[in-house]
Trainee: 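Can you keep this structure in mind? I'll have questions shortly.
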Amino acid sequence: MTTKKAAKLAVIVGHNNRAQGAFSASPLNMTEYVFNKSIALDMETMSTPEMEIEVFFRKAGLGYRKEIAEVYSRVDKWIGKSKGATIELHFNSFNGSSIGTETLSSGTVESLAFAEEVQEELLSVLARRKKADRGVKIRGSKERG
């Protein structure tokens, strides 16, 4: 009998303890790093034998590009040859006028399918109306975020 390998989900907490990202006013009243760290650790508790979930943090002080390269290197090593996906958690501060939910994808067929599912679930959980659906966007390799 062959044991099926678990799929792996790497959850990267956007930003770090020194550069904590956007600050959300009420009702959150916290930075995106603090909020997303909490979400990521909650996600990790949902790990199962079928879906192994691990949280990854960016190392502060390396500079943006090196932080990103370093954390994704650790993620790639952890996923290895397993079936896996990566999700990086972020939010933007609210400026009083723009609102919406969008999910970024690398643009591969698998990434787009995963991003569509994530986007649908986010819209449902956040009870977003159609006008607040900013959709799935393909992130360029030279872009930040």
Side-chain angles (χ1 to χ4, degrees), residues 1-17 19-24 27-28 30-60 62-145:
M1 184 159 115
T2 331
T3 307
K4 186 178 175 187
K5 272 188 166 180
K8 294 184 173 185
L9 177 63
V11 181
I12 298 173
V13 177
H15 301 281
N16 59 52
N17 61 347
Q20 296 196 4
F23 182 84
S24 175
L28 295 181
M30 63 181 77
T31 65
E32 65 182 296
Y33 172 77
V34 171
F35 179 77
N36 289 327
K37 178 180 175 182
S38 173
I39 296 294
L41 294 174
D42 283 349
M43 290 173 73
E44 191 172 44
T45 68
M46 296 176 196
S47 195
T48 67
E50 295 80 27
M51 174 60 72
E52 187 178 350
I53 301 171
E54 185 155 331
V55 175
F56 292 82
F57 295 92
R58 285 173 31 190
K59 293 182 180 175
L62 301 178
Y64 176 79
R65 295 210 187 280
K66 285 183 181 176
E67 286 178 17
I68 297 299
E70 191 278 333
V71 76
Y72 276 93
S73 174
R74 284 187 284 129
V75 164
D76 289 345
K77 185 176 180 180
W78 179 72
I79 291 175
K81 295 189 185 291
S82 301
K83 185 174 187 175
T86 304
I87 190 165
E88 188 171 339
L89 304 176
H90 288 276
F91 68 71
N92 291 322
S93 57
F94 181 57
N95 67 5
S97 62
S98 65
I99 190 167
T101 300
E102 70 183 27
T103 303
L104 303 179
S105 167
S106 68
T108 66
V109 172
E110 295 88 357
S111 176
L112 283 167
F114 182 57
E116 289 290 346
E117 286 186 42
V118 168
Q119 179 71 5
E120 284 180 35
E121 288 298 319
L122 284 170
L123 293 170
S124 175
V125 167
L126 298 171
R128 297 279 194 207
R129 294 197 167 95
K130 195 155 191 92
K131 69 179 184 176
D133 179 359
R134 296 174 60 176
V136 171
K137 302 211 170 47
I138 296 174
R139 180 191 169 278
S141 62
K142 303 279 186 206
E143 292 179 76
R144 290 182 55 159

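These numbers come from the heavy atoms of this one structure, side chains and all, not from hydrogens, waters or symmetry mates. Bear in mind the structure is a predicted one, so any value in this text is a computation, not a measurement.
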Trainee: Taking all atoms of both residues into account, what is the closest heavy-atom pair of Ser105 and Val136, and its distance?
Mentor: CB-CG1, 4.1 Å
Trainee: Any idea which heavy atoms bring Ala60 and Asn17 closest together, and the distance?
Mentor: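 Taking Ala60 first and Asn17 second, the nearest heavy atoms are CB-OD1, 3.6 Å.
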Trainee: Considering only heavy atoms from C-beta outward, does the side chain of Val13 approach that of Ile39 to under 4.5 Å?
Mentor: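 No; the side chains remain at least 4.5 Å from each other.
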Trainee: Atom CD of Glu116 and atom CD of Glu120: how far apart are they, to the nearest 0.5 Å?
Mentor: 6.5 Å
Trainee: Tell me the closest heavy-atom pair linking Glu52 and Ser47, and the distance in Å.
Mentor: CA-OG, 3.2 Å
Trainee: First locate atom CG of Leu126, then atom CD of Glu121, and finally report the distance between them rounded to the nearest 0.5 Å.
Mentor: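 The CG atom of Leu126 sits 10.5 Å away from the CD atom of Glu121.
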Trainee: Does Ser82 reach the main-chain N or O of Gly84 with its side chain, forming a donor-acceptor pair under 3.5 Å?
Mentor: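 Flag not set: sc Ser82 to bb Gly84 has no pair under 3.5 Å.
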Trainee: Taking atom NZ of Lys8 as the centre, report whether more than 12 heavy atoms of other residues, nucleotides or ligands fall under 6.0 Å from it.
Mentor: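 Above 12, so yes.
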Trainee: Between Lys59 and Glu67, what is the shortest heavy-atom contact and its length?
Mentor: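 Answer, listing the atom of Lys59 first, then Glu67: O-CG, 3.0 Å.
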Trainee: Going by the rule side-chain hydrogen bond (donor to acceptor under 3.5 Å, both in side chains), which residues pair with Lys137 if we only count those two or more places apart in sequence or in a different chain?
Mentor: Glu102
Trainee: Taking side-chain hydrogen bond (donor to acceptor under 3.5 Å, both in side chains) as the test, write out the residues that go with Gln119, two or more places apart.
Mentor: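 With neighbours one apart ignored, the set is Thr103, Asp133.
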Trainee: Any chance you could measure Met43, atom CE, to Leu89, atom CG, to the nearest 0.5 Å?
Mentor: 6.0 Å
Trainee: At what distance, to the nearest 0.5 angstrom, does NE2 of His15 lie from CD of Glu88?
Mentor: 8.0 Å
Trainee: I'd like to check the side-chain hydrogen bond (donor to acceptor under 3.5 Å, both in side chains) partners of Thr108; sequence neighbours left out, ordered by chain and number.
Mentor: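 Thr108: no side-chain hydrogen bond (donor to acceptor under 3.5 Å, both in side chains) contacts found.
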Trainee: So which of Thr86, Ile79, Ile53 actually passes side-chain contact (heavy atoms from CB on, under 4.5 Å) with Leu9?
Mentor: Ile53
Trainee: Do the side chain of Arg74 and the main chain of Arg58 share a donor and acceptor less than 3.5 angstrom apart?
Mentor: no
Trainee: Hey, mind stepping through Thr48 and Met51 against side chain to side chain contact (heavy atoms under 4.5 Å, CB included) and telling me if it holds?
Mentor: CA-CA 5 Å; Thr48 67; Met51 174 60 72; 3.8 Å; yes
Trainee: Within the side chain of Glu32, is there an N or O that forms a donor-acceptor pair under 3.5 Å with the backbone of Phe91?
Mentor: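 Yes; at least one donor-acceptor contact below 3.5 Å.
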Trainee: Identify the heavy atoms of Phe23 and Thr31 that sit nearest to each other, and give their distance.
Mentor: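 Heavy atoms of Phe23 and Thr31 come nearest at CD1-N, 3.8 Å.
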Trainee: Would you call Phe57 and Asn16 a side-chain contact if the rule is heavy atoms closer than 4.5 Å?
Mentor: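 Counting from C-beta outward, Phe57 and Asn16 never come under 4.5 Å.
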Trainee: Closest approach of Val55 and Ala40, non-hydrogen atoms and distance?
Mentor: CG2-O, 3.2 Å
Trainee: Atom CG of Asn36 and atom CD of Gln20: how far apart are they, to the nearest 0.5 Å?
Mentor: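 Reported to 0.5 Å precision, the distance equals 11.0 Å.
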Trainee: Could you grab the distance from atom NE2 of His90 to atom CD1 of Ile12, nearest 0.5 Å is fine?
Mentor: 8.5 Å
